[in-house]
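All values reported here derive from a predicted model rather than from experimental measurement. Lettering follows sequence order; numbering is per chain, from 1.
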Amino acid sequence: MRVNLTVNGRPQEADDVWEGESLLYVLRERLGLPGSKNACEQGECGSCTVRLDGVPVCACLVAAGQAEGREVVTVEGLADHARERSRSGCATGVRGTPLDEARAWQAEGPDAQAAEGSGLSPVQQAFIDAGAVQCGFCTPGLLVASDELLERNPDPSDADIREALSGNLCRCTGYEKIMDAVRLAAARRSEGV
Amino acid sequence: MDFLRPASWDEALAAKAEHPTAVPIAGGTDVMVEINFDRRRPEYLLDLNRVADLYEWEVGTDTVRLGASVPYSKIMESLRAELPGLALASHTVASPQIRNRGGVGGNLGTASPAGDAHPALLAAGAEVEVASAARGTRLIPIDEFYTGVKRNALRPDELIRAVHVKKADGPQQYAKVGTRNAMVIAVCAFGLALHPGTRTVRTGIGSAAPTPVRATAAEEFLAAALEEGGFWDNGKIITPAAAKRFADLCAAACNPIDDVRGTASYRRHAVGVMARRTLTWTWESYRGARRTTEGAA
Ligand SMILES: Cc1cc2nc3c(=O)[nH]c(=O)nc-3n(C[C@H](O)[C@H](O)[C@H](O)COP(=O)(O)OP(=O)(O)OC[C@H]3O[C@@H](n4cnc5c(N)ncnc54)[C@H](O)[C@@H]3O)c2cc1C
Ligand code: FES
Ligand code: FES
C-alpha cells in the first residue's frame, strides 16, 4: 500500500509498504531516514522515539497505515522543529527538513560556538557539551523525548526528567550525563543563551 | 494482509462484521509487538485510530464513560479525581511513549492477567460497552469479562466501544510489584476501592491467577468488620487483626503460578502485603477526609 504522511514538515510518500510494517521501518528503509534507531522492536528501549502529531511514541509500535495523513518529527528534523518553535512561540508552520538534507545531516562542532552554523537544536548541543553521548545508539530517542519534555516543561525537576526519559534505555552512560544534558539545556534556555 | 481504515464507529462495526477475523489495532502496543516478532499474521488489521469517538470520555453522575482508545496519559491527566485507582494504575504502565498510545480498550482486548487496568476496574466497579453491527450494544459486567488466560467475553464480530467506570465515592489505591518503577510488567498487582456510599469495599488482583480476580471473601469480611465496629461512622483505626485477616483472605484469593517474573508463593505473599498497605492508605485517607468534613461542619 501507499502511505502519505508529513515527515519533518515536508509531505512524503512511501510506496510498496507492507500492511504489517511499522512506522519505524517506513522511516528507515523506505524514506532513508536512519536517525530513529531500531533496537528492540517491542517498545522497551525508546531508541525509535518520534513525535506523532506532536506526541512522543515508539515508531516501532505504530503501524505504517496508522501514520497516514499525520505529522511525524524525527531526530533529523529536531533542529528545524526547535528553530520554528523559538521563532513562532509554538511548533506549527514548520519550514521543514527535506529528505536529502536529513540524510546528509551530521553533527558538527564540539562546542557551543560551532552550534551557530551547525544546525543543532539546543538539546542536541547540550548532549554534546555534557558528554551525554557515548556509542550514540540511544541518543536520537533521548533527544526527541528530552526536547518534548522541555517544550512542555521548560524548568523540569530531576524527577520530571527521570519520568520523561523512563522509556529510553542507555547501555553506556549510566544516565547521569544525560540528566546533566537536560538540565543544561533547560538552564541555557532560561538564561536565553 | 489487508489494512482496513474505517473512518467512523459504524464503519468499524461493519468492517468487523464483514471480517470477523480482523484484528483491531488501537495503540498497537500489544498488536505491533506480535506482528514485529512474527507471532501473529492476521489477514486483516482493523485500524481504530480514525474513529474519533473512541478517544472521548463523558463524565456522568455516577460513571465515567471512557472511550476504548483514550490513552493512559489522558486518564492520568484528566480523570484523576473521578477515577483515582485507574489513574494510578495507568501511571504504572510502561513508559510515557507507551502511555501516549495504549489505552484501556487494548488492555481489555488483550485481557492479560498482568494488565494494569484490570485490578483498578474490578475495584472501582465497571461495565464494558461492546457492540456489533448485527446485535447492537451490550454491557458486560467487568466481573464477567475475563474468561481465561488472555481471553475475554467479546464475540468475533464485536468491538469495545467504551468502559463505564463507577466514579470514586471514596479513596482508591493501586499497588504493583516489579523490578523498577517504569517499564515493568507486574509480578503481581493489587487495586482497592472504598465505597463509603454503599459501605462496601472492592478489590482487584492482577497477575496472581489465570485472570484478573476480585478477593470477594476478603471484601465481605472487611465490609462486615467495618460495619460491626461502626468504623464508617466513628472513623477509628482499623485493628491490626482485621487488617491481617483481610490481607490473608486476599492472598488466599490468588491462584498464581511460578514463572520468570516470580514464584507462586512470592506472589501470594506480596498480594497480602499490598492488600494490607493499600487498606492502610485508603483508610487513613478516608479518616482524614471525614475529619476535614466534620471540622468544616
Ligand atoms: C514495552 C511495553 C510495556 C508494557 N507495559 C505494560 C504494563 O506495564 N502494564 C500493562 O497493563 N500493559 C503493558 N503493556 C501492554 C500494552 O501497552 C497494554 O496492554 C495496552 O493497554 C494495550 O493498548 P493498545 O491500545 O496499545 O492495544 P492494541 O495493541 O492496539 O490492542 C491490544 C488488543 O486489544 C484489541 N483491541 C484494541 N482495541 C479494541 C477495541 N476497541 N475493541 C476490541 N478489541 C480491541 C486488539 O485487537 C488486540 O488484541 C506494555 C507493552 C509494551 C510494548
Ligand atoms: S525499537 Fe522501538 S522501542 Fe526499541
Ligand atoms: S550512549 Fe550508548 S546506549 Fe546510550
Side-chain angles (χ1 to χ4, degrees), chain A residues 1-5 17-25 36 38-70 141-142 144-146 148-149 152-153 156 159-169 175, chain B residues 1-7 19 22-52 54-55 69 71-74 76-77 91-103 106 178-185:
Chain A
M1 65 179 177
R2 169 176 293 181
V3 177
N4 292 286
L5 71 174
V17 173
W18 174 59
E19 286 71 15
E21 204 164 294
S22 69
L23 170 62
L24 180 61
Y25 194 92
S36 313
N38 178 0
C40 71
E41 288 197 289
Q42 52 179 318
E44 298 266 353
C45 74
S47 60
C48 65
T49 303
V50 301
R51 305 274 294 266
L52 179 66
D53 286 347
V55 176
V57 303
C58 296
C60 69
L61 299 183
V62 177
Q66 295 186 301
E68 171 75 33
R70 303 180 71 173
L142 277 160
V144 173
S146 305
E148 192 270 345
L149 165 69
R152 214 172 2 102
N153 178 356
D160 295 334
I161 302 174
R162 285 185 197 284
E163 165 126 15
L165 304 186
S166 61
N168 294 76
L169 297 181
Y175 302 101
Chain B
M1 196 186 286
D2 258 346
F3 197 82
L4 309 172
R5 305 185 61 238
H19 308 288
V23 172
I25 176 166
T29 61
D30 281 319
V31 172
M32 284 306 287
V33 174
E34 296 197 302
I35 292 178
N36 289 346
F37 283 80
D38 237 332
R39 283 188 222 125
R40 203 161 181 183
R41 276 285 175 273
E43 226 182 316
Y44 299 95
L45 270 182
L46 177 59
D47 176 29
L48 297 176
N49 278 192
R50 297 200 307 158
V51 182
L54 299 180
Y55 292 86
S69 297
Y72 293 116
S73 48
K74 274 276 174 321
M76 287 159 55
E77 218 177 86
H91 204 157
T92 75
V93 173
S95 64
Q97 289 94 325
I98 304 287
R99 295 195 290 268
N100 284 338
R101 292 285 293 162
T179 42
R180 59 178 280 228
N181 253 338
M183 207 57 93
V184 144
I185 309 248

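- With a 4.5 angstrom heavy-atom cutoff, B/Arg180 touches chain A only via side-chain atoms.
- In this structure, B/Arg5 does not pair ionically with A/Glu19, as no charged nitrogen and carboxylate oxygen lie closer than 4.0 Å.
- Not a single donor-acceptor pair under 3.5 Å links the side chain of A/Gln66 to the backbone N or O of B/Gly27.
- Here A/Glu44 contributes atom CD and B/Gln97 contributes atom CD; the two are 11.5 Å apart, rounded to the nearest 0.5 Å.
- Taking OG of B/Ser95 as the reference point, atom CG of A/Asn168 lies at 7.5 Å (rounded to 0.5 Å).
- Between the side chain of B/Asn36 and the backbone N or O of A/Glu41 there is at least one donor-acceptor pair closer than 3.5 Å.
- Considering all non-hydrogen atoms of both residues, A/Gly20 and B/Ile35 come closest at O-CG2, 3.4 Å.
- Side-chain atoms of A/Val55 and B/Arg101, non-hydrogen and from C-beta on, never get closer than 4.5 Å to each other.
- Residue A/Arg162: no heavy atom, backbone or side chain, is found under 4.5 Å from chain B.
- Of all non-hydrogen atoms in A/Ala63 and B/Phe3, the two that sit nearest each other are CB-CE1, 4.0 Å.
- Atom CD of A/Glu68 is separated from atom CG of B/Asp47 by 10.0 Å, given to the nearest 0.5 angstrom.
- Between the CE atom in A/Met1 and the CG atom in B/Asp2 there is a gap of 9.5 Å [rounded to 0.5 Å].
- Residue A/Ala164 touches chain B through its backbone alone, counting heavy-atom pairs closer than 4.5 Å.
- In this structure, chain B has a heavy atom under 4.5 Å from the side chain of A/Leu169, while its backbone stays farther away.
- For the atom pair A/Gln42 CD and B/Glu34 CD, the distance stands at 11.5 Å (nearest 0.5 Å).
- Of all non-hydrogen atoms in B/Pro96 and A/Glu163, the two that sit nearest each other are CG-O, 3.3 Å.
- For B/Arg99, the part lying under 4.5 angstrom from a heavy atom of chain A is the side chain only.
- Atom CG of residue B/Asn100 and atom CG of residue A/Leu61 lie 12.0 Å apart, to the nearest 0.5 angstrom.
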Between A/Cys60 and B/Met32, does the side chain to side chain contact (heavy atoms under 4.5 Å, CB included) criterion hold? Intermediate values first, please. CA-CA 8 Å; A/Cys60 69; B/Met32 284 306 287; over 6 Å; no

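- Using a 4.5 Å cut-off between heavy atoms, B/Ile25 touches chain A through backbone and side chain atoms alike.
- Heavy-atom pairs under 4.5 Å with chain B peak, among A/Gly167, A/Ser22, A/Gly46, at A/Gly167.
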